[in-house]
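To start, the structure under review is shown below, and the notes come after it.
Chain identifiers are assigned alphabetically (A, B, ...) following the order of the sequence lines, protein sequences preceding nucleic acid strands; residue numbering begins at 1 within each chain.
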Protein chains: 2
Amino acid sequence: MGVAVRNMLTREEKKGQTRAALMDAALELVGKGENFASISLREVAKNAGVVPTSFYRHFRDMEELGLNIVDELGMLLRKILRAARQQEDYVTNLTRRSLVIYTQFVLEHRSHFYFLCQCRTGGTPALRSGIRHELRYFANELASDMRQFGSVERIDREDLEQICEVIVGLVADTTIDLLDLQASHTGFQEEYVAQLQKKLRLVWLGAQSWRSDRSA
Amino acid sequence: MGVAVRNMLTREEKKGQTRAALMDAALELVGKGENFASISLREVAKNAGVVPTSFYRHFRDMEELGLNIVDELGMLLRKILRAARQQEDYVTNLTRRSLVIYTQFVLEHRSHFYFLCQCRTGGTPALRSGIRHELRYFANELASDMRQFGSVERIDREDLEQICEVIVGLVADTTIDLLDLQASHTGFQEEYVAQLQKKLRLVWLGAQSWRSDRSA
DNA sequence: CTTTTCAGTGTACAAGTGTTGACTCAAAAA
DNA sequence: TTTTTGAGTCAACACTTGTACACTGAAAAG
């Protein structure tokens, strides 16, 4: 750097741009219903408006691209946490409105969450553990929030984290339903939230009568 | 039919035999870590010791083969139910030993359950809904057992079925963990059961304090 | 017996795959 | 200014993919 910027793009800006185009192209294909595992490097390159060999300037192979998508996904999840915490009544009403926020994020980033559903239990080992890692982080953050705001005195840290993993697993598990029922009827989003909330209440009830002594 | 059977195979026996060989070949590839979505017709045919074009005598395409695997999977699940019910203490001790039986079935049919994990949320719509259908059936059977043997008077039918779907989802969700930790150390199976049982206890506690009035 | 049926074979093709190496040519560095 | 760097291009490779078509030959039907 040193020369005046003009309105042209610097070299690494341009690089980052096509890099993003490649990732977006892959995600778009996933969003269209293709399975990430069966998407070819060439297909991605073509969709990004780039020659196949150019792919290698950015990723070793499709799996490495996938791992970068996982990172994006992690950032997205943290963004959801931030948004949820920003509610003024987050403390008292932890579930209901947070779920609405979650569903909004999901529907605004369909492709990312299709990817999540596909790879969480179906991807290569590396992708799987990457996603698992992000979800565990999410669950632990949730646990620390519940420790502050919820009434969970009788539950020790380890148990609470495990409970939150169950919750996160439940949410992730039902996400595919939300994605499938696309723009069919708009009222479905509320229906989905209600049904999911019901399941979460079950877990919550369980947590209420949980004692960390005499359990393991 | 009419001629003496000799020790040769009849035509449709032989047909069913290669048909099974094709399905087994696909499952074997899944068990080796390949994703079902990216397995080719030719690969399956070669692995089954059959020429590619012969595939079409049995299945229109890989998806149709997949749907037949789903059927096999359904039969397997029903076999698990039968085995679990055959325990003399099934009534009182519904969870613990049933889980052991489940894990045994999983480890004896690794490929089928890899397939399950891959396709439950990551497969094509048809495969997904097929698997979902089988799991729902399983959950409903479980619900009817619980109605008979458990203390679930305060839970109406619909709620109980939903609770069982949560349980089944939880089990399915953790199955990938069981499969990943292969023959590494044998004691892991018990560890897995313990951890899963803990999660199920959480749901069970929740069910205990569930009231179907004032909930939806 | 003769005839029909049909699972499995062999060949062929057009299209797509990952990866190679040598090439441009503009931005960045000297 | 000149030199260097490196993202993107182009052409070519060896290989795999799904599918079509004509075939064989033994089991089943007549």
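At whole-Å resolution of the value, NZ in B:K46 and P in D:dC15 are 12 Å apart. Rounded to an integer number of Å, the gap from NE2 of B:H58 to P of C:dA7 is 7 Å. Per the geometry, NZ belonging to B:K15 stands 16 Å off C1' belonging to D:dA26, to the nearest Å. The CG atom of B:L41 sits 18 Å away from the P atom of C:dG16 (whole-angstrom rounding). To the nearest angstrom, C1' of D:dT17 lies 11 Å from CD of B:E43.
Applying the ring pair (Phe, Tyr, Trp, His ring centres under 6.0 Å) rule to B:Y192 yields no partners; only residues at least two apart in sequence or on another chain are considered. Take A:N47 and apply the side-chain contact (heavy atoms from CB on, under 4.5 Å) test, not counting sequence neighbours, and it matches A:A25, A:E28, A:L29. Considering only residues two or more places apart in sequence or on other chains, B:T175 meets the side chain to side chain donor-acceptor pair (under 3.5 Å) condition with B:Y102.
For the helix from C:dC1-D:dG30 to C:dT17-D:dA14, the end axes, each set by the C1' atoms of five terminal pairs, are bent relative to each other by 10° (nearest 10°).
Looking only at atom types and distance, the side chain of B:K198 has a donor-acceptor partner in the side chain of A:Q162 under 3.5 Å away. No side-chain donor-acceptor contact under 3.5 Å links B:D61 and B:Y56.
Phosphate contact (OP1/OP2 of C:dA27, side-chain N/O of A:T10, threshold under 4.0 Å): absent.
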Between protein and nucleotides 21-24 of chain D, what N or O pairs are separated by less than 3.5 Å?
none

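Applying a 4.0 Å cut-off to non-hydrogen atoms, none of the residues of residues 19-38 of chain B approaches DNA chain C.
Within 4.0 Å of B:S40, counting heavy atoms only, lie sugar-phosphate atoms of the nucleic acid but no base atom.
Closest-nucleotide positions on DNA chain C for B:G49 and A:Y56 were compared, and the one nearer the 5' end corresponds to B:G49.
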